[in-house]
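See below for the structure under consideration.
Just so it is clear, the model here is predicted, and its values are computed rather than measured. Every heavy atom of this structure was used, including side-chain atoms; hydrogens, water molecules and symmetry mates were not.
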Amino acid sequence: MCGLLLYTGKKKISSKLFKQALELQNHRGPDNSQIFIRNSSTNTFFKNFNEGEYDFLIGHNRLSIIDLSENSNQPIFNKNGKNFLLFNGEFYNFRDFSNHENELSDTKTLFSGLELEGVKFYEKVNGPWASVYGISNSKLFLSRDLYGKKPLYYYKDKYSFIVSSEIKSIYKILNIKREVNLDNLVYFLGRKLSPYVTDGTTFYKNIYSVKPGENLVYDLETFNINSHSQINLELPSSDFLYKNKIETIFQFERELTNSIDLRFDADANVGMSISGGVDSLTILSLMNKKKLKETNFYTIFDDVNNEDYRYIKKLKNEMNFKLTEIPFTYNYNLFENYLNILSQKMEIPVNFHATAIPTLLISEQMKKDKIKVCIDGIGGDELMGGYPIYQSLSRANLRENKVFDSIKNFIRYYNFNKPKLRSCFYTLLSILYSGLFNKTKLNSQQKYNENIIKIISNSEIKNKLSNLNKNLISDKFLNLEESQLFEIKYNLLPFYIGISDSVNMINSIESRSPYLDRRLYKYVFMSDNLKFKKGFNKYMLRKLLSSKIGNYYGFRENKSGFTTFHGEKFASEKKNLEIICDSRFIRSIFSSNIQEILNNKNPYIRRQLLSLAYLDNNYSLSI
């Protein structure tokens, strides 16, 4: 929604430098930009008009979505001009707390709540946020939403404290080289995901991130930063856990519909991306006729025979909604441009094989169509039980001598995948062998990582990746719920929401995800029979979708989703192999015979190295 920047410290910096740093994230808020400076004698803030050296500056770039008037421009101050709020996010349920003075503004409503209750007020907020709440000359409170959808970075040394929505603004002020955090470099190499980690670190040394749900407090007198409090996702009540299936589905429909309505509430134009899968189509099916008619939907395809595309086209003809179709054709120069843009804006190595490039293309088209808000289906897989890991669950349970649970999950694997007899037999033998006789057998991801480990020349990185690889836990989950919680807190959900926010904001598009409503988290803990049944994952979601638009859409078996078409072809291009070989950063990590490495049949190595090479070309990385 917005971009924020704050600097305070013993060392003064120029307002011109601060302005340049804030301008680097103009794409986060092109509608209004303001900088205020604190008067140290009165502890009040004044708007900056003249260049000079100052020790406390705050700035905000606004993307106006709720209350388009200048009344909601930020920063927001209290009546004496001492307390302030820098806010990037959405307070969807703000109307439940607003009064006649701030009834049109979620930001003003939030500020009023913080003034009355402090950061404890965030426990009432439904929506994503990243904020700095300042109290006079005393304290700064940094806060981030429960899922960590909105980014909030900070840097601290003995001279200065900087808070920003994007890392590039921090480096602009510091004017130092980018040193890579080796643990998160290893995370990228070993997990194949762009490193949107949730442990408070980032891809760079000495640049930190507020954790999801965390409230930090910075003392302006002692210059110390500490944990203040934590807001957690709520566990379900016992009443919810013992509801029957019909009641659970009915409650879910009611809460998801309300979540959708809240996220369509905007004073700016709203669009929606649809992939043809259960998650996005369920949202579409729950929209009222007026909303369905007003909304423009967006999809991307590489081939008119693409199955996802055919499903969407058929549904479009049946329901008569507006659909913008974005063809994805392969062109090396376009691909190269996309990856450069993503590397520059995201500032981390890009998993370009996943959703980043399709998201970029859809958001580009939305911007042309004057759309400011994009509704998506992110979170549906993680909350509803979408990942079919039954083979892994069967193996893990057998290792723990839980034979019945192992058999149950193998049956689920069979019903979901419907493998041919020979394939099923070999899978069964593999599970028996690794579950009973070789309990340390490497899984496929670990085997890929072994190939990377062999070619790393930097001993520290080699050791770190070896340790990570030993502890990869995909085969250690004993049930679906454990797997879901891991994906939500540490793995795929942080990756997908990180991609969604950072890529959509390149084109000044706010992404909203109905499945990430805080009320829906409890469905992670519902009965397995509502997650998997009759060979289908996300069973409750499919049941609901089928009741609205039919089994043809609800119980569809195959779905690919938004991925980067032709990604492997691009990674194998001769020019890209040369780019990898020419990267100074890559040569400092891997053995000298890179060309032989690139000829390795494992495509993951080329992908990972290519992403690092592009990032290095843009930012001159160092260890």
Side-chain angles (χ1 to χ4, degrees), residues 180-203 205 348-354 387 389 391-400 427 430-431 433-478 482-483 485-495 498 571 580 585-594 596-613 615 621 623:
V180 171
N181 178 318
L182 298 189
D183 288 327
N184 290 332
L185 171 63
V186 164
Y187 174 96
F188 172 69
L189 292 173
R191 290 200 177 277
K192 319 298 183 292
L193 299 175
S194 300
Y196 290 100
V197 292
T198 58
D199 64 355
T201 64
T202 71
F203 191 66
K205 290 180 182 176
I348 55 176
V350 180
N351 182 331
F352 61 87
H353 193 73
Y387 299 122
I389 61 163
Q391 181 179 341
S392 173
L393 292 177
S394 179
R395 181 181 295 110
N397 276 282
L398 192 57
R399 287 175 177 170
E400 297 297 321
T427 300
S430 174
I431 290 172
Y433 174 68
S434 59
L436 294 176
F437 305 110
N438 185 3
K439 298 187 178 184
T440 60
K441 181 184 177 183
L442 300 181
N443 60 40
S444 58
Q445 186 174 347
Q446 289 173 309
K447 290 177 182 177
Y448 288 135
N449 289 344
E450 286 289 313
N451 290 332
I452 298 178
I453 291 168
K454 291 175 184 176
I455 61 175
I456 295 175
S457 57
N458 181 291
S459 58
E460 185 177 3
I461 296 174
K462 183 188 284 281
N463 290 336
K464 285 180 177 292
L465 184 53
S466 295
N467 289 333
L468 172 76
N469 205 40
K470 289 175 185 176
N471 294 298
L472 283 179
I473 57 176
S474 63
D475 281 350
K476 294 185 179 179
F477 299 121
L478 298 178
E482 287 181 3
S483 173
L485 292 174
F486 173 75
E487 298 299 349
I488 288 170
K489 295 179 180 179
Y490 307 111
N491 202 43
L492 285 177
L493 187 60
F495 169 74
I580 294 172
F585 180 71
I586 287 177
R587 292 201 308 272
S588 71
I589 297 172
F590 293 91
S591 56
S592 57
N593 195 1
I594 297 177
E596 182 179 330
I597 294 166
L598 298 177
N599 291 330
N600 189 302
K601 293 181 180 180
N602 178 5
Y604 290 108
I605 295 177
R606 290 197 305 273
R607 279 195 223 163
Q608 305 303 87
L609 298 192
L610 182 59
S611 294
L612 285 171
L615 186 64
L621 307 177
I623 296 175

From Ile623, Val180, Ile452, Ile453, residue fulfilling side-chain contact (heavy atoms from CB on, under 4.5 Å) relative to Ile461: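 Passing option: Ile623.
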Working to the nearest 0.5 angstrom, can you tell me the gap between [X] [atom1] and [Y] [atom2]?
{"X": "Lys476", "Y": "Phe486", "atom1": "NZ", "atom2": "CZ", "result": "11.0 Å"}
{"X": "Asn184", "Y": "Lys205", "atom1": "CG", "atom2": "NZ", "result": "12.0 Å"}
{"X": "Ser394", "Y": "Leu478", "atom1": "OG", "atom2": "CG", "result": "11.5 Å"}
{"X": "Ser392", "Y": "Ile431", "atom1": "OG", "atom2": "CD1", "result": "9.0 Å"}
{"X": "Leu609", "Y": "Ile589", "atom1": "CG", "atom2": "CD1", "result": "8.5 Å"}
{"X": "Gln391", "Y": "Thr427", "atom1": "CD", "atom2": "OG1", "result": "5.0 Å"}

Can you list the residues that meet the side-chain contact (heavy atoms from CB on, under 4.5 Å) rule with [X], with sequence neighbours excluded?
{"X": "Tyr387", "answer": "Asp381, Glu382, Ile389, Glu487, Leu492, Tyr496"}
{"X": "Ser434", "answer": "Arg395, Arg399, Lys441"}
{"X": "Asp183", "answer": "Asn181, Lys464"}

Verdict with reasoning, Glu450 to Asn469, per side-chain contact (heavy atoms from CB on, under 4.5 Å): CA-CA 8 Å; Glu450 286 289 313; Asn469 205 40; 3.3 Å; yes
Considering all heavy atoms of both residues, which atom of [X] and which atom of [Y] are nearest to each other, and what is their separation?
{"X": "Leu465", "Y": "Ile456", "value": "CD2-CD1, 3.7 Å"}
{"X": "Lys489", "Y": "Thr198", "value": "O-OG1, 3.0 Å"}
{"X": "Pro195", "Y": "Phe203", "value": "CG-CD1, 3.6 Å"}

Test item: side-chain donor near acceptor, Asn449 and Lys192, under 3.5 Å: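 Their side chains do contain a donor-acceptor pair, which is all the 3.5 Å distance test asks for.
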Trace of the side-chain contact (heavy atoms from CB on, under 4.5 Å) decision for Glu482 with Leu485: CA-CA 5 Å; Glu482 287 181 3; Leu485 292 174; 6.0 Å; no
Gln445 side-chain N/O to Gly190 backbone N/O, donor-acceptor pair under 3.5 Å: yes
Asn351 backbone acceptor or donor facing Ser611 side chain under 3.5 Å: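 Side chain of Ser611 to backbone of Asn351: no pair is present.
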Tyr187 vs Leu193 side-chain heavy atoms within contact, under 4.5 Å: yes
Leu612 side chain reached by Leu189 side chain, heavy atoms, under 4.5 Å: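 When only atoms from C-beta onward are counted, Leu612 and Leu189 do touch, with a gap below 4.5 Å.
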Evaluation steps, side-chain contact (heavy atoms from CB on, under 4.5 Å), between Ser588 and Phe585: CA-CA 5 Å; Ser588 71; Phe585 180 71; 4.3 Å; yes
Stepwise side-chain contact (heavy atoms from CB on, under 4.5 Å) test for Phe188 and Ile348: CA-CA 9 Å; Phe188 172 69; Ile348 55 176; over 6 Å; no
